[in-house]
Number of protein chains: 2
Amino acid sequence: MNKYETIADLLKQRIRQNLYPVGSFLPSQSELASEFDVSRMTINKAINILTMEGFVSPQRGFGTKILNRPFWNNDVSPVDQYNGLTSEMARYHRDVESKIINFDVAFPDSDEQAHLSLTAQQPIYRIIRLRLVNKEPYILEHTIMPVDLIPNLTDEILHHSIYAYLQDELGLQIAGAYRNIQAVKPDALDLQYLNCKPDDPVLEVAQMVYLKNGQPFEYSHSRNRYDKRSFTELSLRK
Amino acid sequence: MNKYETIADLLKQRIRQNLYPVGSFLPSQSELASEFDVSRMTINKAINILTMEGFVSPQRGFGTKILNRPFWNNDVSPVDQYNGLTSEMARYHRDVESKIINFDVAFPDSDEQAHLSLTAQQPIYRIIRLRLVNKEPYILEHTIMPVDLIPNLTDEILHHSIYAYLQDELGLQIAGAYRNIQAVKPDALDLQYLNCKPDDPVLEVAQMVYLKNGQPFEYSHSRNRYDKRSFTELSLRK
DNA sequence: CAGTGGTCTAGACCACTTC
DNA sequence: AAGTGGTCTAGACCACTGT
């Protein structure tokens, strides 16, 4: 672990333990540098992390104030999450099951080619999975992935976590994702599998996920039951 | 302007101009350091910005690859936006009007006290505004703000931009915001003012906005017409 | 004014990738 | 082995805040 991440974690811990109470100020960067026996740049980097995560607000010439961390409850999924539902829910000790609605291979249409940077000759998987949490339907996921990147996708994997397979078995490194979130009306599949009523809204999250080498490898639309999922986000002035 | 921000902007410009084509690699950090006559740390900081904004993906021991930024033609993602609707829409040359549905002062209930860190004796504004873009209803905003932070709120201000008033007139500095996004069913006010049908979904964004000194100053729920607004977001592996 | 955080440097070592 | 990005240092200067 890096020094600055280690120190950031330690500072967070102190804040949570009220060793640095909300509303008070952190020791100055120079003091912290002496305490941890590192250069001030390293402390600065650590405090940057705390700032990005909303723990503190530094004001130049003044000090670094400990903020009151919002009490949005954690049962909502952070928007900046792309570990897949399985690991997300594991944190709350909930069972995730996947029911495969559709799984086949096809050539991409032009829209899919554009989104995944593919030629018309590179086949894709077309997957529709229903994700159940504690036996209740949560999400209907429409996923498209290029076959050549993920050679041996099986029913077995689809029943568990695609992401775990990608990262642990194939060693693919995810760089990030683009998402678009909107409210939509339910379609026939939603009615059938999410078990929602015609006037229930659906929260649709479209996302493209990228590998570190820049290759997009997943283009998906997840349709979430409106009473089961919401998304939280923290955004900060640059 | 800082050196690292200046350099980051310049690099972005080169990427957009295809001087560094998508799929190719940036010059190494040492080369860039010589070119701009700065230390490598400064280049590193600049490239960090590009990484956070999804322009490039550095891989240690290898190089920094220029990514394809898909339908991301505009500079800022609406999700990490807290400048208010007025400035957001101004970029697209659209008219924003505000119709005041409700504007009064009251003592906060316990929920409001908690969210805004107030006592029962500190009054708040309760504001409901309908935001119209090019004469069409887009958003119904329910906003709560402490009176003592924003002393002289007038109809005049509410008809334009609250945010512009806060920042330009009062000099309040916004640190960031927490948001929660979900799909909901329309309520009576939505039907009346957003002009939506009973089975139209509504995209609800609840947010708390914080000042740099840590004081929360706005707690709001905006209810967006589902066919008019969606939210985009870029998220990256740490 | 003294103290704070923000930036920047010149150089160093390390982890990693490709050859 | 050579080259890359990631981290870290010791010190410096600056912009800003409080008094």
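Just the heavy atoms: all of them, side chains too, but no hydrogens, waters or symmetry mates, feed the values below. Here is the naming used below: chain letters follow the sequence lines, and residue numbers restart at 1 for every chain. Source: prediction; values computed, not measured.
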Salt bridge check: are B:E35 and B:R14 linked by an N-O gap of less than 4.0 Å?
-> yes
Is there side-chain contact between B:Q29 and B:N44, with heavy atoms separated by less than 4.5 Å?
-> yes
Think A:Q29 has a side-chain N or O under 4.0 angstrom from the OP1 or OP2 of C:dG3?
-> no
Residue pair A:F55 / A:I66, side-chain heavy-atom distance below 4.5 Å | no
side-chain N/O B:Y4 vs C:dT7 OP1/OP2, d < 4.0 Å = yes
Separation of C:dC14 P from A:K3 NZ (nearest whole Å) | 12 Å
Nucleotide nearest B:M41 when distance is taken to its side chain, options D:dT7, D:dG5, C:dG6 = D:dT7
For the residue pair A:Y125 and A:F103, categorise the inter-ring angle as parallel (less than 30°), tilted (30 to 60°) or perpendicular (more than 60°).
-> tilted
Length of the CD1-P vector between B:I47 and D:dG5, whole Å = 6 Å
Answer yes or no: is there a donor N or O on one side and an acceptor on the other, between the side chain of B:Y210 and the main chain of A:G54, under 3.5 Å?
-> no
Could you check how far CZ of A:R40 sits from P of D:dC8, rounded to whole Å?
-> 16 Å
A:E156/A:T154 under side chain to side chain donor-acceptor pair (under 3.5 Å): CA gap, chis, key distance, verdict | CA-CA 5 Å; A:E156 177 64 21; A:T154 64; over 6 Å; no
What nucleotide among D:dC8, C:dA10, C:dT7 has an atom nearest to a side-chain atom of B:S39?
-> C:dA10
From A:F107 CZ over to A:D109 CG, what is the distance, rounded to the nearest 0.5 angstrom?
-> 13.0 Å
Distance, rounded to the nearest Å, where B:N44 contributes CG and D:dG5 contributes C1' | 7 Å
With sugar-phosphate meaning primed atoms plus P, OP1 and OP2, does B:T64 contact a base, only sugar-phosphate, or nothing at under 4.0 Å between heavy atoms?
-> sugar-phosphate
Could you tell me the separation between the CZ atom of A:F62 and the P atom of D:dA15, rounded to a whole number of Å?
-> 21 Å
Dot-bracket notation for DNA chain D is requested: 5' to 3', Watson-Crick or G-U wobble pairs only, both distances under 3.5 Å, with ( ), [ ], | and . as defined.
-> |||||||||||||||||..
Atom NZ of A:K45 and atom P of D:dG6 are separated, to the nearest Å, by 9 Å
When you match A:G61 and A:N2 each to their closest nucleotide on DNA chain D, which lands nearer the 5' end?
-> A:N2
Of all the nucleotides listed (D:dT7, C:dG5, C:dC8), which has the minimum atom distance to the side chain of B:T42?
-> C:dC8
